There are 2 protein chains.
Amino acid sequence: MQNTDGRKRSATAPDRGTAVPDRLLSAATRLFAEQGFERTSVQELVSAAGVTKGAMYHYFASKDDLLYAIYQRVLAMQMERLNGFAGAEGPVRERLRQAAIDVVHTTVDNLDDTRIFFRSLHMLSADRQIAVRKERRQYHERFRAMVEEGQRQGVFRADVPADIAVTQYFGAVHHLSTWYRTGGALTGGEVGAYFADLFLAGLSPVESAD
Amino acid sequence: MQNTDGRKRSATAPDRGTAVPDRLLSAATRLFAEQGFERTSVQELVSAAGVTKGAMYHYFASKDDLLYAIYQRVLAMQMERLNGFAGAEGPVRERLRQAAIDVVHTTVDNLDDTRIFFRSLHMLSADRQIAVRKERRQYHERFRAMVEEGQRQGVFRADVPADIAVTQYFGAVHHLSTWYRTGGALTGGEVGAYFADLFLAGLSPVESAD
DNA sequence: ATAGACATACCATCCGGTCGGTCGCCGGGC
DNA sequence: GCCCGGCGACCGACCGGATGGTATGTCTAT
């Protein structure tokens, strides 16, 4: 019942027990994904969150800042999950498969975030774009390291750069936000299994070059 | 739009011999790709094209209409190229490889178009979005038909839906506009060769399930 | 003269952001 | 116990500027 702060407003906050910043974040995520960042006005945003402009600008320096907060949240989540799989025990092929499946699963579970991520990056200020790309790059490299590990062990083919393979895969994952619909023919897990299967098959050592 | 051959050049256009609609189209393509559709004002656009607002609104009904024209141009080009490869002679594996390489090549040769294509789709009006998706879907299905043909012939594995494989590949191709830089380490042809290689390797029949 | 191809001035609207103000809580002086 | 003053949370009317779009004029070739 209580807020995490221990603060409780009596009459002025009628509808939700959720904290104001969280309400703003989730409303923004939904609206930015549906209509795009630029098409969503601050007024529309705060109305959807059930707060006022003043409240928003009390917590966020700008509309841009709100977008950046969404990026930070999703980046942190992705990185945390990947670290879990990359640092696990077992053969690299299996670890990579698990991570590849999971990134699809996580993506379809948070389609709004992904939609925003790639569609609105250019709306951030230049330095924040750089910050996002930098963190994204770390994620990419963590993933790539697994591929390279497999290449050194000989379980993956080495005649294709690991970078290319990983980039290709992430491209496909990112593209999910364009076509995947929740409630469609395939569940996230099924798509993830297929994707990972194709990915690993592509990385399997070739017997004879054609 | 039937301004293909009857070009009129007046003495009032000082710098370019190119027709005004074309100038607008290429300026818009560049600016939309660089800054995004929303960040590019009509004034900025017409200034870059060396024309005035009046000229632009003489040829295009709206800013939206201009964006749509860009989509039509790129869709027509892609479809034409794909038809060339899909309808050619030879084994399906080779035709698919050629088409897969070419789509990468064409994409990196027209990075601006691709960048706009996926980033600004949601800026079009609803019915135009539908029109674009419909045409894009035809492209997808033409490509998929080749995969299915190979699956029937047994040269491609059939335990992964052709749809999934094609979607995955196009996702990777689309993603090129995010990371590929002209003048980088790899040429478009090289990336295309690697991508096609991974794609076809993923589709190769499996001998033993792991 | 007529029609198309532009040019120019102008408009209504909307948007992100601001700023002075309100409200309820809390610690402290007595 | 009780008032006081401050403080952070929040409110919402307001602003300057920019934007997409339009109305109307002008030039030129036919």
Side-chain angles (χ1 to χ4, degrees), chain A residues 2-25 27-28 31-32 35-70 120 122-125 128, chain B residues 1-25 27-28 31-32 35-70 120 123-125 128:
Chain A
Q2 299 288 339
N3 283 348
T4 45
D5 290 290
R7 298 259 164 74
K8 186 173 183 290
R9 316 247 319 140
S10 55
T12 36
D15 40 35
R16 297 281 157 179
T18 321
V20 168
D22 287 345
R23 295 228 302 278
L24 283 165
L25 243 6
L31 290 174
F32 291 170
Q35 323 174 337
F37 178 74
E38 298 281 307
R39 291 260 163 108
T40 305
S41 73
V42 173
Q43 187 53 56
E44 185 181 5
L45 175 59
V46 297
S47 296
V51 302
T52 61
K53 262 201 205 186
M56 184 202 131
Y57 279 95
H58 180 71
Y59 290 106
F60 299 94
S62 61
K63 191 186 171 189
D64 195 272
D65 197 43
L66 188 53
L67 179 61
Y68 187 57
I70 294 177
S120 302
H122 63 298
M123 296 300 172
L124 285 174
S125 66
R128 283 182 163 172
Chain B
M1 305 193 178
Q2 44 174 1
N3 199 9
T4 47
D5 54 351
R7 48 217 173 110
K8 296 281 179 71
R9 258 168 295 186
S10 63
T12 41
D15 41 42
R16 294 281 158 179
T18 321
V20 168
D22 288 344
R23 294 229 302 279
L24 282 165
L25 243 4
L31 289 173
F32 290 169
Q35 322 174 337
F37 177 75
E38 302 281 318
R39 290 262 163 107
T40 305
S41 73
V42 173
Q43 187 53 55
E44 186 180 4
L45 176 58
V46 296
S47 296
V51 301
T52 61
K53 262 202 208 184
M56 183 201 132
Y57 279 97
H58 180 69
Y59 290 106
F60 298 94
S62 62
K63 191 185 170 189
D64 194 272
D65 197 43
L66 188 52
L67 179 61
Y68 187 56
I70 294 177
S120 302
M123 296 300 171
L124 284 175
S125 66
R128 284 183 162 172

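Every heavy atom of this structure was used, including side-chain atoms; hydrogens, water molecules and symmetry mates were not. All values reported here derive from a predicted model rather than from experimental measurement. Protein chains get the first letters and strands the later ones, always in sequence-line order, with residue 1 at the start of each.
- At least one side-chain heavy atom of A:Val46 sits less than 4.5 Å from a side-chain heavy atom of A:Val51.
- Of all heavy-atom pairs spanning B:Phe60 and B:Ala69, the tightest one is CE2-CB, 4.0 Å.
- The shortest distance between the side-chain N/O atoms of B:His58 and the OP1/OP2 oxygens of C:dC6 is not below 4.0 Å.
- Atom pair A:Leu24:CG and C:dG16:P shows a separation of 14 Å (rounding to whole Å applied).
- The two residues A:Val20 and A:Ala55 have their closest heavy-atom pair at CG1-CB, 4.4 Å.
- The separation between A:Leu45 atom CG and C:dC15 atom P is 12 Å, rounded to whole Å.
- For residues 54-64 of chain A, every residue pair satisfying the side chain to side chain donor-acceptor pair (under 3.5 Å) rule, not counting sequence neighbours, is listed here: A:Asp64-A:Arg128.
- One finds the NE2 atom of A:His122 at 7.0 Å from the CZ atom of B:Arg39 (value rounded to the nearest 0.5 Å).
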Please walk me through it: do A:Met123 and B:Glu38 pass side chain to side chain contact (heavy atoms under 4.5 Å, CB included)? CA-CA 9 Å; A:Met123 296 300 172; B:Glu38 302 281 318; 4.3 Å; yes
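- Residues A:Leu31 and A:Ala48 share a closest heavy-atom pair of CD1-CB, 3.8 Å.
- Here D:dG8 presents its P atom at 12 Å from OH of A:Tyr59, a figure rounded to the nearest Å.
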Protein heavy-atom contacts under 4.0 Å, written 5' to 3' over nucleotides 17-23 of chain D as B (base), S (sugar-phosphate only) or - (none), form the string --SBBB-
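- Across B:Leu24 and B:Met56, no two heavy atoms sit closer than the pair CD1-CA, 3.7 Å.
- One end of the helix from C:dA1-D:dT30 to C:dC30-D:dG1 points its axis 0° away from the other end's axis, with each axis taken from 5 pairs and the angle rounded to 10°.
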